[in-house]
2 protein chains.
Amino acid sequence: MSIDAARPTINDVAERAGVSRTTVSNALNGKGTIGAETIERVKRVADELGYEPNAMARGLRQSKLGVISLLIRPLESLDTAMPEGVDYFLRFAGSAALAAMDHGYSLMLISDPTKPGAPPSSLAADGCLVEAPIRNDPALTLLDRKRIPFVAVGVDPARADAFPAIAQQTERDTRLALDHLLDAGARRVALVTGTDENSWNAHARRGYEQWAAEHGIEPMIRARDETSGVDGGRTVAHELLTGDAPPDGVYCLTGRHAAGFVAGARELGVGVPDDLLVVAGSDAVMNRTSTPTITALDLRPVETARLAVDALIRLLDGEPVDWSSLDPASELVVRDSTSRRNGDAAVTA
Amino acid sequence: MSIDAARPTINDVAERAGVSRTTVSNALNGKGTIGAETIERVKRVADELGYEPNAMARGLRQSKLGVISLLIRPLESLDTAMPEGVDYFLRFAGSAALAAMDHGYSLMLISDPTKPGAPPSSLAADGCLVEAPIRNDPALTLLDRKRIPFVAVGVDPARADAFPAIAQQTERDTRLALDHLLDAGARRVALVTGTDENSWNAHARRGYEQWAAEHGIEPMIRARDETSGVDGGRTVAHELLTGDAPPDGVYCLTGRHAAGFVAGARELGVGVPDDLLVVAGSDAVMNRTSTPTITALDLRPVETARLAVDALIRLLDGEPVDWSSLDPASELVVRDSTSRRNGDAAVTA
DNA sequence: CTGAAAGCGCTTACAG
DNA sequence: CTGAAAGCGCTTACAG
């Protein structure tokens with residue numbers, strides 16, 4: 001319980017060891033040419049005093065703090081800190097933290113630095129990761145203006161090529177999901193997106209529209225707040241399934257909407273997968289453990305985070321980055337919600 | 001894509017505005033007494049240049065960076081970054097980040113600062129939160145030695161009163177769970193803990209032993225690595241349920257062990273809740289969505305994180321903290337795994 | 001109302 | 001092999 005005695009500085013060590021600050025610094029950092037016994041003594045004294053270099057002073061001098069910040073855009077439109085059942089961001093953050101540590105960096109979670117109340121420390125990092133930027137994202141504009149290197153995960157839909165970004169292949173992923181619904185027997189496939197203006201929603205919508213046109217399917221699109229979660233999925237299920245021409249397949253971008261859609265269908269006596277096929281665009285724990293389990297796209301948050309961190313570090317080190325090769329490669333995990341027992345005959349019918 | 005032109009400093013602003021650094025600093029921070037039009041001009045120039053005070057320099061001067069670090073101990077013994085289905089830590093971290101922001105701080109996720117490869121930035125924060133410290137935790141020792149204020153969440157089992165901590169009421173929680181199992185009809189209740197040497201495992205074990213003695217119940221305790229997850233729960237179920245005197249109730253501290261235990265029981269033809277009652281000591285998504293759903297203790301990670309951050313900030317501000325009043329108040333969420341249809345008659349039998 | 005000077009705790013040429 | 005000096009970008013008494 002001690003906040004009393006101030007932390008020892010390099011001066012304290014120098015004085016007690018009877019050498020200069022320079023020598024302490026060199027001895028502790030293994031630089032310059034210092035006598036073996038001097039190094040020994042300095043290290044001992046530093047240890048006795050509990051000396052630890054002040055990271056800010058060091059950072060100031062080396063203009064490198066050793067910190068990467070992470071701005072998760074969708075979290076700001078979600079009501080709560082870390083909503084239950086949304087594990088993409090959580091796993092992304094955890095993986096990014098570990099990847100950062102591998103490079104000798106720490107990961108700092110920040111809030112929108114363009115907001116008035118934002119802590120000054122939100123701009124204190126050496127570089128920044130922006131997950132799911134929104135259209136004309138002011139945070140990207142600010143970072144660019146402040147010359148803080150950053151990597152976006154998912155492009156700014158209005159400025160796809162303006163900034164360094166890991167471009168998620170959302171349109172390809174969308175086709176993967178829609179083709180699977182078709183293969184599993186669906187003929188009237190609806191799309192349920194979120195309302196955030198990020199590339200995920202925008203590109204999924206575009207991919208769906210093209211796919212629907214190609215297959216001569218009447219587009220059925222609904223958008224629900226990401227915030228609405230399971231309940232939003234339930235209400236949209238009621239809306240679509242009680243309409244004139246209800247869908248027999250639905251692609252819900254968020255795992256929570258998908259779970260809600262299944263629940264809503266059940267309330268209406270619509271069986272999944274028998275009467276309705278459901279695919280989620282983002283895998284979450286609840287998709288794995290619900291009844292029925294829900295087919296979902298695994299967006300590979302852990303791998304994506306690592307790619308993003310690696311790219312950012314290369315940027316910081318002034319090394320070249322081949323952005324085109326950074327493909328997280330999502331994968332469709334097929335589960336009960338698209339697996340009919342009587343099944344596959346219908347597909348080729 | 002620009003890392004070229006260096007970021008503008010206070011000197012650039014001063015020069016361009018035709019004033020001194022002092023004046024720029026005062027004008028921008030609303031300190032001192034500066035002429036209205038000077039303030040105006042300085043702000044305009046700063047804006048034109050995209051000037052943002054260097055947080056490190058400011059931090060160095062004010063000896064306050066505006067960053068709180070978070071060390072989540074159990075994560076280091078878990079193999080993977082953010083394991084699926086473990087949402088306590090994730091929700092804790094998210095909530096802590098938000099609470100920190102409310103106070104004008106950012107939250108930095110760090111790895112064990114006592115480890116050789118740890119980034120220097122891991123000691124760069126103004127204060128630190130240590131979630132679930134282990135017995136004689138070297139990180140606590142280090143922080144104390146470096147005079148970095150910290151708050152532990154859960155005590156160091158070997159030094160319960162040595163450091164500022166939010167003492168979780170694990171023994172009380174354990175009784176809550178065990179009494180519920182008894183009420184629901186269990187007579188031979190087993191305990192499955194993790195193997196990390198933190199207060200959670202230690203105090204649950206102690207609480208169980210006392211409770212068992214009081215109720216004349218033969219103690220049945222098993223420990224499984226936290227890492228083992230669902231699979232660990234399954235194997236321990238096999239071990240216990242095929243033994244001489246199998247339990248008819250089990251309290252698994254981790255949600256994943258509980259889920260695995262239920263799965264293992266099913267494999268053996270042991271029905272939950274009919275033949276076996278199961279309670280999890282930590283609520284997770286999978287406990288809510290599995291079949292049957294699993295009764296669990298909600299440890300209130302979101303509230304706990306907020307309490308911890310608030311306490312740490314008070315510590316940093318030199319304000320008094322009443323540690324005794326910081327009680328997260330867990331709550332038992334009763335679900336199918338302890339709800340027998342024929343039910344409550346057995347309880348009073 | 002404004003600015004010169006000192007200093008936060010380090011590192012890094014550079015001189016000896 | 002070692003140290004005096006400069007300087008990273010700020011803030012803060014203090015003098016004018």
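Order of the sequence lines fixes the chain letters, A, B, ..., with proteins taken first and strands second; residue numbering starts at 1 for each chain. Computed from heavy atoms alone, side chains included, the values below leave out hydrogens, waters and symmetry copies. This is a predicted model, so every value here is computed, not measured.
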Applying a 4.0 Å non-hydrogen cut-off, can you work out what A:Thr9 is touching in the nucleic acid: base, sugar-phosphate, or nothing? sugar-phosphate
Could I get the full list of side-chain contact (heavy atoms from CB on, under 4.5 Å) partners for B:Glu37, not counting sequence neighbours? none
Can you list everything that forms a ring pair (Phe, Tyr, Trp, His ring centres under 6.0 Å) with B:Tyr105? Sequence neighbours excluded, please. none
Report the residues that fulfil salt bridge (Lys or Arg N to Asp or Glu O under 4.0 Å) with B:Asp322, sequence neighbours left out, ordered by chain and then residue number. none
Would you say A:Leu71 and A:Leu129 make side-chain contact, with heavy atoms under 4.5 Å? no
Classify the nucleic acid contact of A:Asn29 as base, sugar-phosphate or nothing, counting any heavy atom under 4.0 Å across all strands shown. sugar-phosphate
By nearest-heavy-atom nucleotide on DNA chain D, the more 5' of B:Asn26 and B:Met56 is B:Met56
Suppose we screen for side-chain contact (heavy atoms from CB on, under 4.5 Å). Which residues come up paired with A:Asp310, at least two apart in sequence or across chains? A:His103, A:Arg306
With sequence neighbours left out, what residues match A:Glu52 under side-chain contact (heavy atoms from CB on, under 4.5 Å)? A:Arg7, B:Leu123, B:Lys146
Under a 4.0 Å heavy-atom cutoff, the residues of residues 35-53 of chain A touching DNA chain D are A:Gly35, A:Thr38
Taking Watson-Crick and G-U wobble pairs with both distances under 3.5 Å, convert DNA chain C into its dot-bracket string, 5' to 3', dots for unpaired and | for cross-strand pairs. |||.||||||||.|||
Starting at the 5' end of DNA chain C, which residue's closest nucleotide do you reach first, B:Thr33 or B:Leu60? B:Thr33
Chain B on DNA chain C: first and last contacting nucleotide, 5' to 3', under 4.0 Å to a heavy atom? C:dC1 to C:dG9
Hey, which sits more toward the 5' end of DNA chain C by its nearest nucleotide, B:Thr23 or B:Arg61? B:Thr23
Is a donor on one side and an acceptor on the other found under 3.5 Å between the side chain of A:Arg58 and the backbone of A:Lys64? no
With sequence neighbours excluded, tell me which residues meet side-chain hydrogen bond (donor to acceptor under 3.5 Å, both in side chains) with B:Glu131. none
Tabulate below the donor-acceptor pairs under 3.5 Å that side-chain atoms of residues 12-19 of chain A make, not counting sequence neighbours, or state none.
{"residue": "A:Asp12", "atom": "OD2", "partner": "A:Thr9", "partner atom": "N", "Å": "2.8"}
{"residue": "A:Arg16", "atom": "NH2", "partner": "A:Glu48", "partner atom": "OE1", "Å": "3.1"}

By side-chain contact (heavy atoms from CB on, under 4.5 Å) - contacts of B:Ser20 (at least two apart): B:Thr22, B:Thr23
For B:Arg21, all residues meeting side-chain hydrogen bond (donor to acceptor under 3.5 Å, both in side chains), sequence neighbours excluded: B:Asn11
